Protein chains: 2
Amino acid sequence: MAKYKDIVKDIEGCIRRGDLQPYDQLPTVVEMTKAYHVSRTTIEQVMDELEKRGLVSRKRGSGVYVKKVATQSFDKPLNTISLTDDIDANLAKHPSCTVHEFTVVKPDEHVRHELGLHEFSFTFYIERSHLHEGQAIDVQYLYYPVEIFRDIRLTSAETSIRQWIDENYDVTPDSFHKTLRAVTASERECEILGIPEGSPLLEVEQIGYLDDGRPFESLVARFPGDRSEYQTIDSDSLPV
Amino acid sequence: MAKYKDIVKDIEGCIRRGDLQPYDQLPTVVEMTKAYHVSRTTIEQVMDELEKRGLVSRKRGSGVYVKKVATQSFDKPLNTISLTDDIDANLAKHPSCTVHEFTVVKPDEHVRHELGLHEFSFTFYIERSHLHEGQAIDVQYLYYPVEIFRDIRLTSAETSIRQWIDENYDVTPDSFHKTLRAVTASERECEILGIPEGSPLLEVEQIGYLDDGRPFESLVARFPGDRSEYQTIDSDSLPV
DNA sequence: GAGTGGTCTAGACCACGAA
DNA sequence: TCGTGGTCTAGACCACTCG
């Protein structure tokens, strides 16, 4: 484990426990290098990470300050969909899906383009829903290039495809390009999700890349609007 | 301008122009230190930035590779709402709003909590829509603490509040915590936006922080689902 | 002017991937 | 085994904030 990650954990703990209060100034960078017996670069790396997690603001010439964050948002996961707590917890423990479709197809041009495939390429196509207490809580549409994954099993689609890939292929997912939209549920999706006609859904279109730059996964996931949200932190504002 | 930013621009240019093709390996980090006459740290900083922009993948022990990115997504702005191109371009040049409401209020508990205010605090409250060719294209609900901004003008709400703040207060916005949701447009919003009853909207709730850790802005913006999307890149996947 | 964070250097060691 | 990127050091200079 890298040193800077340990220090991140330590300081994050201080903030969560309240040893560091909102608006408190952290020790100066130089002080921290001494306290942790590391170099300046390492501390800057730590500050980068704490900033990314939304815990501190850095003011050049002045200091690093603990953000006054609404405490409710403290433990919400970032950069992913969160559902209600009980559902999230349950899914993490026992991922379970009902698979509506599992085939090999020639994907349409949109998907082909996303995955950087040729016209004559094939992909696995999976349509499925995660379950919580017997109820579908999302609808997912997934494409995997046959060129990369020659064999994907139905049983993996019923639990975790990513786990199957980890165990059977020597590839490393690296990053994900996401597009979020609000859409109206189709009739079929309303049935599956047990929601009224015309309900709004939060759609996440996600293209996954391996660490050698190849796209390996195209995913469209749709979640009922009233049970889902997506949280993120960055330095870009909507135009105001 | 920091050196690493120049190098980022240079390499990004190479990728956009096609001098570096998808799946190409970049020169090794050591080679780049020589080519640009900088130290290793600087190059790593450059790679951090290129990775954040979704242009490259880094494979420890192997190399840095140009991602095969769907070219359409190349120039879309990240970490913000994008509308259709003509609207985006127009808004950037001539931001213009119709203000539906402009008052000072005691905000409800939710906003008070987001902004870290006391029960007896007041905020400016602004409700407005951006216009494109006379048509409203969003609805925004904004709160600004009177404690921080004693004076906000109606005219600023009709163009750019952030510009007004820049020019009249010595504060520096630092980061934004966002929550995205899909919601159904209210009757009033349908009227304002000229969309059918029950249309889905993409909602962005955004809390802005200053560089000293203070929240300074609470914004809820809602966009018609069929004209808006939000793009982002990170290393976190939805559960698959 | 004194103190802060941001960037940068030159060099080192390590973990990992590929052959 | 060897070349790759990831992390780290000790020290430096600079831009910025604030009294």
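Worth knowing before you read on, the calculation uses all heavy atoms, side chains too, and leaves out hydrogens, waters and symmetry mates. Letters A, B, ... mirror the listed sequences (proteins, then strands); counts begin at 1. Every value quoted in this text rests on a predicted model; they were computed, and no experiment measured them.
Mapped onto DNA chain D by nearest heavy atom, A:H37 and B:R58 fall at different nucleotides, with B:R58 at the one closer to the 5' end. Map A:S39 and B:V30 each onto its nearest nucleotide of DNA chain D; the residue landing nearer the 5' end is B:V30. Of the residues near DNA chain C, B:V38 and A:T172, the one whose nearest nucleotide (by heavy atom distance) lies more toward the 5' end is B:V38.
The pair B:D174-B:R214 does not count as a salt bridge, with every side-chain nitrogen at least 4.0 angstrom from each carboxylate oxygen. Salt-bridge annotation for B:E49 and B:K5: absent, with no side-chain N of the basic residue lying under 4.0 Å from a carboxylate O of the acidic one.
Side-chain N/O atoms of A:E127 and A:Y141 include no donor and acceptor closer than 3.5 Å. For A:S57 and B:D211, the side-chain atoms include no donor-acceptor pair closer than 3.5 Å. Looking at A:K67 and B:S175, their side chains do bring a donor and an acceptor atom within 3.5 Å of each other. Side chain to side chain, B:Q21 and B:Y23 fail the donor-acceptor criterion of an N or O pair below 3.5 Å.
Spacing between atom CD of A:Q25 and atom C1' of C:dG3 amounts to 10 Å, rounded to whole angstrom units. Note: CE (B:M32) to C1' (D:dT4) measures 11 Å, nearest angstrom. Rounded to whole angstrom, the span from the CD atom of A:Q45 across to the P atom of D:dA10 amounts to 15 Å. Taking atom CG of A:D48 as the reference point, atom P of C:dC8 lies 13 Å away to the nearest angstrom. In this structure, the CD1 atom of B:I7 is 13 Å from the P atom of C:dT7, given to the nearest Å. With rounding to whole Å, B:K3 atom NZ is found 17 Å from D:dA12 atom P. Between the P atom of D:dG6 and the CG atom of A:D6 lies a distance of 19 Å, rounded to the nearest Å. B:D212 has its CG atom 9 Å from the P atom of D:dC18, to the nearest Å.
When the C1' atoms of four end pairs are superposed on the next four at each end of the helix from C:dG1-D:dC18 to C:dA18-D:dT1, using five pairs per end, the two resulting axes differ in direction by 20°, to 10°.
Contact check, B:K59 against C:dA18: a side-chain N or O comes under 4.0 Å of OP1 or OP2. Side-chain N/O atoms of A:Y4 include one lying less than 4.0 angstrom from OP1 or OP2 on D:dT7.
The backbone N or O of B:E51 lies less than 3.5 Å from no partner atom in the side chain of B:R58, so there is not a single donor-acceptor pair. Between the A:W164 side chain and the A:L154 main chain, no donor and acceptor come within less than 3.5 Å of each other. In this structure, the side chain of A:D236 does not engage the main chain of B:T80 through any donor-acceptor pair within 3.5 Å.
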Polar atom pairs between nucleotides 1-3 of chain D and protein, under 3.5 Å, N or O only, would you list them?
unit_1, atom_1, unit_2, atom_2, d
D:dG3, N2, B:G61, O, 2.8

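Scanning atom types as modelled, no donor and acceptor separated by under 3.5 angstrom connect the side chain of B:R40 and the base of C:dG11.
Within 4.0 Å of A:T41, counting heavy atoms only, lies at least one base atom of the nucleic acid.
Note: B:I161 CD1 to B:L219 CG = 8.5 Å, rounded to the nearest 0.5 Å.
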